[in-house]
Amino acid sequence: MMTQPLKQSLSGEWQFRQAGSSEWRPASVPGGVHTDLMRLGRIDDPFVGDEELRGQWVAQQDWDYRRTIFVDDHLLSHDRVQLVCDGLDTLATVTLNGTVIGMSDNMFRPYRWDVREALRAGENVLLIAFASPVVFAAAKNNLRSMPDVNNLLPGAPHIRKAPSHFGWDWGPHLPPIGIWRDIRLEAFSTARLADVAVRQHHDNGAVHLTVSASADLYNDEPLQLTARLTSPRGEMQTVSTPLTAGNGTLALDVGHPQLWWPNGYGNQPLYTLTVLLESGAEPLDTWTCTIGLRTIELRQEPDEWGTSFTFVVNGLPIFAKGSNWIPADSFPTRISHAQLEHLLGSAAGANHNTVRVWGGGYYEDEYFYDLCDRYGLLVWQDFMFACAGYPLDDPTFVENVRAEVVANVRRLRHRACLALWCGNNEIEAAWVDWGWNTPQSTDLMRAYERFFFTTLAQWVAAEDPDRAYWPSSPSSNTPMRDPNGNSAGDIHQWAVWHANKPFSNYRETPARFVSEFGFESLPPLPTIASFAAPSDWNITSYIMEHHQRSPVGNEKIVLYMLENFRLPKDFPNLVYLSQLLQAEAMRVGVDFWRRHPACSGALYWQLNDCWPVISWSGIDYFGRWKALHYASRRFFAPLHLSIEDQGTAMSVFVTNERREPWEGAIHWSLETLAGEPIDSGDFPLATDPLTTTPVCNLDFGSLVTDENRRNLLLVCDLVQNSQTLQRAVATFAPTKHLALADPQLKTEVAHNGAQLSIKLSATSLARFVELSLDGADVLFSDNYFDLPAGRSVQITCTLPVGWTPLQAQQALRLRSVFDSY
Ligand code: BMA
């Protein structure tokens, strides 16, 4: 009996050369020219210093990849032999034994070509010739230039390749070239599974699955389709049906269905579905996916604020908490599973439940979505169009996009995590608000509107009828009408940062859903050390400015720093304060949106980085958490305490984003920075599930004066069974004006196996305490938090591998704002 289909991997060792050269060098596949050249020592790491500039020639050249393939008679005895390329980046001509078998011009699309005729038993030569994407795009741009922003190499919108490969306001100009995903031969006899679709029907706790499949037929043997569902506990259910004209549909009632929930709302049980194509007893092809049983809808209903924009999972309205994802490396083929696991695990670990795959990157690998399924991270999936005009009036371009859309929707539509397909990033806003709409561009704008409001919407509905589609982020869902408005749809709130508004401006934006808002910071010092020598450790040095891609970025960081903090005494403290600013900005926004009943989501810009850079990320390129990521664990906590500070008036809120009620109390204390009590009180509290409760409005107008305001603070504790679950602090003056004294931070370090615990206390307010271990990267249970006088907190971390507790104790470094000036 033949086991089918036969797959022969072509990944691994290849050779490559600059086109026209006779010198072939070793290459690895999946891989790319830059990483191959780096491995060979032929270019220096473009992430160090300004090496990027000396590496520009690479993407301006054409490159050839080749390998020999040994093929046996058995493989050739099949009805079909196909070359399958999951991803070619991007402009490739594929030649087998001298015969051109295919061309590619879209890195997002898989290609499958019949190659049996071109193959022979024994040795074969496969050659993939890549043309320069930079030269191609520039030539297209000369013929027709498109409106864009963000400091791109010219012509990027003309090529179906990750837009940010051509540069961004956080990314370098390093378009990779190469075979970037798996490549293999597949051989089939009789038939091949061409497509499988799974739909869920939930009905009063019962779940029915419909599995429909279509097969490519190579002869007219009778075929049978079988679906096997394995529950998280390992129980199996199997159903079968004969195929008619290559098509078959199966229905399956799931016994005792266990529902999948987003992070924080319940568990993520996953089922495995295997679909088998058979001829008699002979297996021909199989397809496997992991599914989670849940309903998910985007609820848009009229209400007192306009029209809602709420993800509803299993009937429960969800507050989407999370961030925006960009490619995790400029060179995608070196992103490891461990790196994805770290980033998405960090998101889930910090109480994120949603991630937006932003439209300037690419449709991510399966493992990315595996992790989102497992961690309960809802995925807002953009199609890959960002901040530019695209030639959507060109039928050839549109047809290429159609193939990309169908392939990716079919690949991802069964994912438990997938919440939404979104047309693009900010292009509608650009047409309406960025001055793109001129008499010369009207046709392009109409093409935009047709494509994103009709064509793409129809393609998605045909391939994934159970998923919401959204035309653009941001949008109101009505073409060109107030795409960034508060009453309907999502917004990108960039008044803070891009328009220099204070953090409190977030509170003037009671949006329905905020899919972007952000603030930049410098990455941690060890990351800076990876690209800049200590002599360059100054925010205005040439190298630091090279690693800042927003032309206005550094001046904004400094501007906001002067509003909030005293001028730092040195560069390490500038790094530290920049991160505090970022964390505070995001906290003020999230606190407000979580407590505002109009709003159903806050996704900050951005989770991660693609190289070491000054950017909006909360986790840097090397995976180091900035202050923001720690802060997000607090401000996204299911049970969350927040203070709305308005002069001397302080309103306290508790958000209970859990499925259970919560009872406890708020304890508040007005005190001096040194901890002398002025006034205090308690509010017992019973909160309903999924609500924000206004706890109290405290007005300290009679106690806070111009004389004492720089020496006072309000401390609020969320308490249950005499345990503080969360703490929030508010001051009556900006931090720069506070009369901070040396908090004399005291530590008691203990350990239990590999777990280090650090007890911290202060004699006066320690503002934004930072812990670090000199010489090691560790994640602390909390960091960059306020420690008021007289309280103690217990922070834990895992002892670095090979370290003794004593070593860790000696390497422990502490700092608070008092130390920064
Ligand atoms: C948003 C994003 C990105 C950009 C960021 C910062 O609009 O969509 O295009 O990197 O702003 O400017």
Side-chain angles (χ1 to χ4, degrees), residues 146-153 156-157 162-173 322-328 330 355-362 380-390 422-436 452 470-475 483-484 489-501 506 509 511 513-523 547-557 559-560 578 581-582 585-586 589 601-611 613-621 628:
M146 290 286 160
D148 67 14
V149 285
N150 279 318
N151 165 35
L152 303 181
L153 294 172
S164 58
H165 280 172
F166 294 85
W168 214 261
D169 58 2
W170 37 257
H173 295 139
S323 51
N324 283 265
W325 173 270
I326 65 163
S330 296
V355 59
R356 170 172 174 239
V357 180
W358 164 78
Y362 41 81
W380 170 312
Q381 178 70 50
D382 282 2
F383 289 98
M384 295 302 140
F385 303 91
C387 302
Y390 287 83
C422 171
N424 68 72
N425 178 68
E426 292 188 340
I427 305 179
E428 189 180 339
W431 283 116
V432 177
D433 295 328
W434 301 0
W436 285 10
F452 287 105
W470 192 247
S472 180
S473 181
S475 176
N484 207 25
D490 63 326
I491 69 155
H492 290 186
Q493 215 284 17
W494 284 107
V496 177
W497 183 260
H498 280 305
N500 294 347
K501 297 282 188 209
Y506 289 129
T509 322
F513 193 105
V514 192
S515 39
E516 277 188 22
F517 59 110
F519 196 94
E520 278 194 2
S521 73
L522 278 73
H547 286 252
Q548 161 62 278
R549 290 313 169 87
S550 163
V552 291
N554 286 345
E555 68 189 49
K556 287 186 191 295
I557 293 173
L559 178 90
Y560 281 92
S578 79
L581 280 174
Q582 179 188 34
M586 299 300 90
L603 311 179
Y604 63 75
W605 182 266
Q606 65 204 64
L607 180 71
N608 59 325
D609 276 331
C610 67
W611 75 313
V613 64
I614 303 174
S615 83
W616 295 266
S617 74
I619 303 180
D620 79 14
Y621 172 67
L628 166 59

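Order of listing sets the numbers, starting from 1, for every ligand and every atom in it.
Ranking protein heavy atoms by distance to atom 4 (C) of ligand 1, first place goes to Asp169 OD1, 3.4 Å. When hydrogens are left out, the protein atom nearest atom 5 (C) of ligand 1 is Trp605 NE1, 3.5 Å; that is the closest non-hydrogen contact. With hydrogens left out, the protein atom closest to atom 11 (O) of ligand 1 is Trp494 CZ2, 3.4 Å, a heavy atom.
Between the side chains of Trp494 and Glu516, a donor-acceptor pair is found at a separation under 3.5 Å. Side-chain contact check for Asp490 and Trp470: at least one donor-acceptor pair (N or O, by modelled atom type) lies under 3.5 Å. With hydrogens and angles left out, the side-chain atoms of Gln582 and Ser521 include a donor and acceptor closer than 3.5 Å.
Short contacts between ligand 1 and Asn425, defined as distances under 4.0 Å to a heavy atom of the residue, involve ligand atoms 8 (O), 9 (O). Near His498, with a cut-off below 4.0 Å to any heavy atom, the atoms of ligand 1 are 6 (C), 12 (O). For ligand 1, the atoms closer than 4.0 angstrom to any heavy atom of Glu516 are 1 (C), 2 (C), 7 (O), 8 (O), 11 (O). Close approach of ligand 1 to Trp170 is summarised as follows: ligand atoms under 4.0 Å from at least one heavy atom of the residue are 10 (O). Taking every non-hydrogen atom of Trp168 and a distance limit under 4.0 Å, the qualifying atoms of ligand 1 come out as 3 (C), 4 (C), 9 (O), 10 (O). Residue contact check: Trp616 has heavy atoms under 4.0 Å from atoms 6 (C), 12 (O) of ligand 1.
At distances below 3.5 Å, not a single donor-acceptor pair connects side-chain atoms of Asn424 with backbone N or O atoms of Phe385. In this structure a side-chain-to-backbone donor-acceptor pair under 3.5 Å is missing from Tyr506 to Ala495. Asn608 contributes no side-chain N or O that, together with a main-chain N or O of Gly618, makes up a donor-acceptor pair within less than 3.5 Å.
Looking at Glu426 next to ligand 1, an N or O pair under 3.5 Å apart turns up.
Within the 4.0 Å heavy-atom criterion, the part of Cys387 lying near ligand 1 is the side chain and not the backbone.
In this structure, Trp497 has its ring center no closer than 6.0 Å to that of Trp605.
You'll find the side chain of Asn500 stays beyond 4.5 Å of the side chain of Glu555, heavy atoms only.
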